[in-house]
Novice: 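Below are the structure tokens for one structure; questions will follow.
Computed from heavy atoms alone, side chains included, the values below leave out hydrogens, waters and symmetry copies. Just so it is clear, the structure is predicted and the values come from calculations on it, not from any experiment.
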Amino acid sequence: MRTFFLILILFIFTNATVLRTKENLPKKVIYDNYGFQPLCSSCTLLVSISSFILKFDVSEPVVLEFATVICKLFAKQPWAVCDGISSQFRDEFFYVFRRLANESPSQICGIILPDCADPTDPSEAGWKVTLPPKPKRRRISKKKEKKPKIFTPSQNMNVLQLTDLHIDFEYKYPSEANCDDPVCCRKTVSEPKKAAGYWGSVGKCDIPYWTVENMLSHINKTHMIDMVIMTGDYINHVDWEYSIEEHLAVLRKLHRLVQNTFPTTPIYWALGNHEGVPVNSFAPHTVDERFWPTWLYKEFRTMSSPWLTDGSSDSLLKRGSYSTQVMDGLKLISLNTGFCEVTNFFLYLNQSDPDSTMSWFVKELYESELKGENVYVLAHIPPGDSECLEGWAFNYYRVIQRFESTIVAQFFGHDHLDYFTVFYEDMNNITSRPVGVGYAAPSVTTFENQNPAYRIYEMDPYDKFKIVDYTTYYSDLEQSNENNKPVWEKLYSAREAYKMSDLSPISWNQVVNKLVKNEKKREEFYKYAFRNMSPQCDPTCQLQLLCNLRMGHHNSTLYCPTL
């Protein structure tokens with residue numbers, strides 16, 4: 001049993017963001033004379049024995065203590081971190097392990113050993129969400145009650161996206177910005193090796209509250225904002241200390257700050273993986289009620305309630321996702337991607353459409369299609385990200401293909417980097433017709449090695465609410481700290497930087513082709529991604545960024561270019 005809890009700890013702190021995919025599995029699988037894989041057979045036997053031992057709760061403290069020691073020695077994390085993360089995941093891990101061990105011991109081995117199962121689908125669920133046929137007759141828009149417009153005729157709308165704020169209310173100035181902990185800038189020291197800046201530090205630090213406050217004040221004074229979209233991860237990265245009470249306090253402070261800055265502007269929120277307690281944990285309703293994140297969904301409803309339409313609360317309270325009418329002809333769907341998170345261990349009990357979220361997503365899109373509405377999709381984790389399970393990514397991709405005429409924009413966060421992803425008519429053929437684009441916006445936090453940024457989209461309400469252009473703004477923290485005042489300035493606009501006539505999927509696909517072929521253009525792209533003129537991005541990092549441009553699901557053999 002110790003072995004499996006050890007794997008959990010190492011998984012979180014070493015390769016938590018790396019998903020094993022088919023193309024990087026060992027080429028040769030070893031079988032014995034009877035056609036069995038010895039390692040898998042031994043693993044399954046060990047799981048069964050461990051399950052029997054764990055029927056006696058007295059073994060749990062021993063396992064936790066052992067896992068904490070191993071975390072310290074091998075994952076090389078401080079004692080406080082190891083002890084905290086062990087305690088955080090204790091109930092969840094033992095609950096999931098016991099159920100899996102009783103129902104399917106071999107599935108546990110499929111999760112952790114590459115020879116025992118397809119790691120992108122260890123339960124071999126192979127689930128496919130049902131997609132409705134396209135309507136045969138022309139769509140007819142029903143007459144709806146007139147709503148006041150939030151724009152004037154012939155004027156495009158400005159949509160502000162803020163993502164991955166990770167506000168640190170414990171940020172200290174002066175403090176150590178180059179510490180041994182996973183997150184720095186939190187402990188005051190007399191002689192720091194690298195002193196934290198007052199307005200923030202580009203490195204292993206999150207953003208201080210007052211910098212976010214300054215940024216919002218600047219946006220309010222400088223731009224005319226018609227709509228705000230928030231794409232998740234509002235909590236700091238100190239996940240070994242997470243608690244429900246702290247999360248609620250942070251969410252309420254942030255909500256007040258954003259709402260006070262934009263008191264009459266619609267604000268739409270999406271959940272990030274760091275909103276879970278423990279981190280990444282979003283229990284579907286198929287597990288014990290004690291694990292349900294009801295507290296989070298209720299708070300999320302309060303934050304979103306001023307701009308929710310009738311019926312939105314039911315889905316929000318059930319699955320952390322909702323749909324709402326922004327205005328005539330435009331619906332917004334906020335999707336909880338906690339149900340695709342690789343380290344949401346509850347999903348390994350059953351990955352097939354947790355809480356029917358993907359089915360609900362399809363239903364909402366189909367209703368909009370029949371009405372002739374356009375849809376914005378708001379989510380945190382991009383489907384092709386290594387932290388997103390392939391079952392979810394595969395089905396999400398299918399939905400984008402099916403409703404390409406209805407979904408006009410997809411907004412993501414999570415990676416802290418500035419990039420985009422093109423979706424294709426054939427997900428396994430990048431020469432097929434581009435059918436959609438997902439925008440991954442840059443983070444507000446500096447974690448790790450990036451300057452803070454925000455993005456504003458220009459949207460045409462008279463042309464199916466299409467994105468006409470977007471502009472990314474940032475602050476150079478080195479200069480801000482020298483001058484003791486942040487300067488928020490334009491980094492680039494998409495059409496200007498990439499010489500685009502429009503922001504259609506076809507145009508973005510042309511940009512990808514140019515980036516792959518032109519080294520100078522790639523260098524500019526890396527600078528934009530990090531909001532840094534000297535980005536800390538080695539060749540592996542650079543290749544991953546280029547893979548992201550087509551990685552709508554997990555197929556690096558196809559999507560990663562050869563330079």
Novice: For the side chain of Asp469 and the backbone of Arg495, is there at least one donor-acceptor N/O pair under 3.5 Å apart?
Specialist: yes
Novice: Could you walk me through whether Trp392 and Ile381 pass side-chain contact (heavy atoms from CB on, under 4.5 Å), step by step?
Specialist: CA-CA 11 Å; Trp392 176 281; Ile381 305 177; over 6 Å; no
Novice: Would you say the side chains of Asn273 and Asn280 form a donor-acceptor pair under 3.5 Å?
Specialist: yes
Novice: Between Tyr474 and Pro442 (side chain of the first, backbone of the second, donor and acceptor by atom type, cut-off under 3.5 Å), is there such a pair?
Specialist: no
Novice: May I ask you to test the Val437-Ile467 pair for a side-chain heavy-atom distance under 4.5 Å?
Specialist: no
Novice: Does the side chain of His553 come under 3.5 Å of the side chain of Glu390 through a donor N or O and an acceptor N or O?
Specialist: yes
Novice: Counting only N and O atoms by type, is there a donor-acceptor contact under 3.5 Å from the side chain of Trp127 to the main-chain atoms of Gln351?
Specialist: yes
Novice: Considering only heavy atoms from C-beta outward, does the side chain of Phe282 approach that of Tyr297 to under 4.5 Å?
Specialist: yes
Novice: Within the distance-only criterion (no hydrogens, no angle test), does the side chain of His414 pair as donor or acceptor with the backbone N or O of Gly232 below 3.5 angstrom?
Specialist: no
Novice: Ser312 side chain to Ser323 main-chain N or O, any donor-acceptor pair under 3.5 Å?
Specialist: yes
Novice: Verify salt bridge (charged side-chain N to carboxylate O under 4.0 Å, His left out) between Glu524 and Lys520, making sure each step is shown before the conclusion.
Specialist: CA-CA 7 Å; Glu524 287 298 311; Lys520 185 176 180 181; over 6 Å; no
Novice: Would you please say whether a donor-acceptor pair under 3.5 Å links the side chains of Asn509 and Arg550?
Specialist: yes
Novice: Please tell me whether Thr472 and Asp418 have a donor and an acceptor in their side chains that are separated by less than 3.5 angstrom.
Specialist: yes
Novice: Looking only at heavy atoms, which two atoms of Gly552 and Phe423 are closest? And how far apart?
Specialist: CA-CE2, 3.9 Å
Novice: Side-chain donor-acceptor pair under 3.5 Å between Gln325 and Thr309, yes or no?
Specialist: no
Novice: Using 0.5 Å steps for rounding, measure from the CG atom of Asp460 to the CD atom of Gln155.
Specialist: 11.0 Å
Novice: Excluding sequence neighbours, so at least two apart, what forms side chain to side chain contact (heavy atoms under 4.5 Å, CB included) with Ala440?
Specialist: Tyr419
Novice: Just do the side-chain contact (heavy atoms from CB on, under 4.5 Å) check on Leu296 and His247 with the steps written out, would you?
Specialist: CA-CA 9 Å; Leu296 177 60; His247 273 48; 5.9 Å; no
Novice: Would Thr261 and Asn220 count as having a side-chain donor-acceptor pair, cut-off 3.5 Å?
Specialist: no
Novice: What pair of heavy atoms forms the shortest contact from Ala270 to Tyr234, and how long is it?
Specialist: O-OH, 2.7 Å
Novice: In Å and rounded to the nearest 0.5 Å, what is the CG to CZ distance from Asp314 to Arg301?
Specialist: 9.0 Å
Novice: Indicate the ring-plane relationship of His285 and Trp292, choosing parallel, tilted or perpendicular according to the 30° and 60° boundaries.
Specialist: tilted
Novice: Do the side-chain N and O atoms of Tyr95 and Arg99 include a donor-acceptor pair separated by under 3.5 angstrom?
Specialist: yes
Novice: Should Leu389 and Tyr348 count as side-chain neighbours, where that means a heavy-atom distance under 4.5 Å?
Specialist: yes
Novice: Quick check for you: to the nearest 0.5 Å, what is the distance between Thr222 atom OG1 and Ile456 atom CD1?
Specialist: 8.5 Å
Novice: May I ask you to test the Val377-Tyr396 pair for a side-chain heavy-atom distance under 4.5 Å?
Specialist: yes
Novice: For Gln450 and Thr445, indicate whether the former's side chain and the latter's backbone hold a donor-acceptor pair under 3.5 Å.
Specialist: no
Novice: A side-chain contact here means heavy atoms from C-beta on lying under 4.5 Å apart; do Glu275 and Ile235 qualify?
Specialist: yes
Novice: When you measure from the side chain of Gln401 to the backbone of Val435, do you find a donor-acceptor pair of N or O atoms at a distance under 3.5 Å?
Specialist: no
Novice: With Glu369, which of Lys363, Arg402, Lys331 fulfils salt bridge (charged side-chain N to carboxylate O under 4.0 Å, His left out)?
Specialist: Arg402
Novice: Can you name the nearest heavy-atom pair linking Ser359 to Asp353, along with the distance?
Specialist: OG-OD2, 2.5 Å
Novice: If every non-hydrogen atom of Leu370 is compared with every non-hydrogen atom of Pro135, which pair is closest and at what distance?
Specialist: CD2-CG, 3.7 Å
Novice: Rounded to the nearest 0.5 Å, how far apart are CG of Asn548 and CG of Asp385?
Specialist: 7.5 Å
Novice: With under 30° as parallel and over 60° as perpendicular, where do the rings of Tyr454 and Tyr473 fit, or are they tilted in between?
Specialist: parallel
Novice: Can you name the closest pair of heavy atoms from Tyr559 and Met551 and give their distance?
Specialist: CD1-SD, 3.6 Å
Novice: Short question: side chain of Arg319, backbone of Asp355 - any donor-acceptor pair under 3.5 Å?
Specialist: yes
Novice: Angle between ring planes, Phe346 versus Phe291, binned at 30° and 60°: parallel, tilted or perpendicular?
Specialist: tilted
Novice: Would the distance check show the side chain of Asp226 and the main-chain N or O of Asn158 forming a donor-acceptor pair, the cut-off being under 3.5 Å?
Specialist: yes
Novice: Donor-acceptor pair, distance only, cut-off 3.5 Å: does the side chain of Arg522 make one with the backbone of Leu515?
Specialist: yes
Novice: Are Arg252 and Glu299 packed together at the side-chain level, in the sense that at least one heavy-atom pair is separated by less than 4.5 angstrom?
Specialist: yes
Novice: Closest heavy-atom contact between Gly438 and Phe412?
Specialist: CA-CE1, 3.9 Å
Novice: Atom CD1 in Ile333, atom OH in Tyr322: separation rounded to 0.5 Å?
Specialist: 11.0 Å
Novice: Going from OG on Ser443 to CG on Leu417, what distance comes out if it is rounded to the nearest 0.5 angstrom?
Specialist: 7.5 Å
Novice: So which of Thr163, Thr231, Asp233 actually passes side chain to side chain donor-acceptor pair (under 3.5 Å) with His380?
Specialist: Asp233
Novice: Under a 4.5 Å cut-off applied to non-hydrogen side-chain atoms, are Met157 and Met327 in contact?
Specialist: yes
Novice: Taking the six-membered ring where the residue is Trp, are the ring centres of Phe411 and Tyr457 under 6.0 Å apart?
Specialist: yes
Novice: For Leu317, I'd like to know if atom CG has over 12 heavy atoms of other residues, nucleotides or ligands within 6.0 Å.
Specialist: yes
Novice: Evaluate whether atom CG of Asp310 has more than 12 neighbouring non-hydrogen atoms of other residues, nucleotides or ligands under 6.0 angstrom away.
Specialist: no
Novice: How are the rings of His416 and His166 set to each other: parallel, tilted or perpendicular (split at 30° and 60°)?
Specialist: tilted
Novice: Do Tyr492 and Tyr470 come close enough that some side-chain heavy atom pair is under 4.5 Å?
Specialist: yes
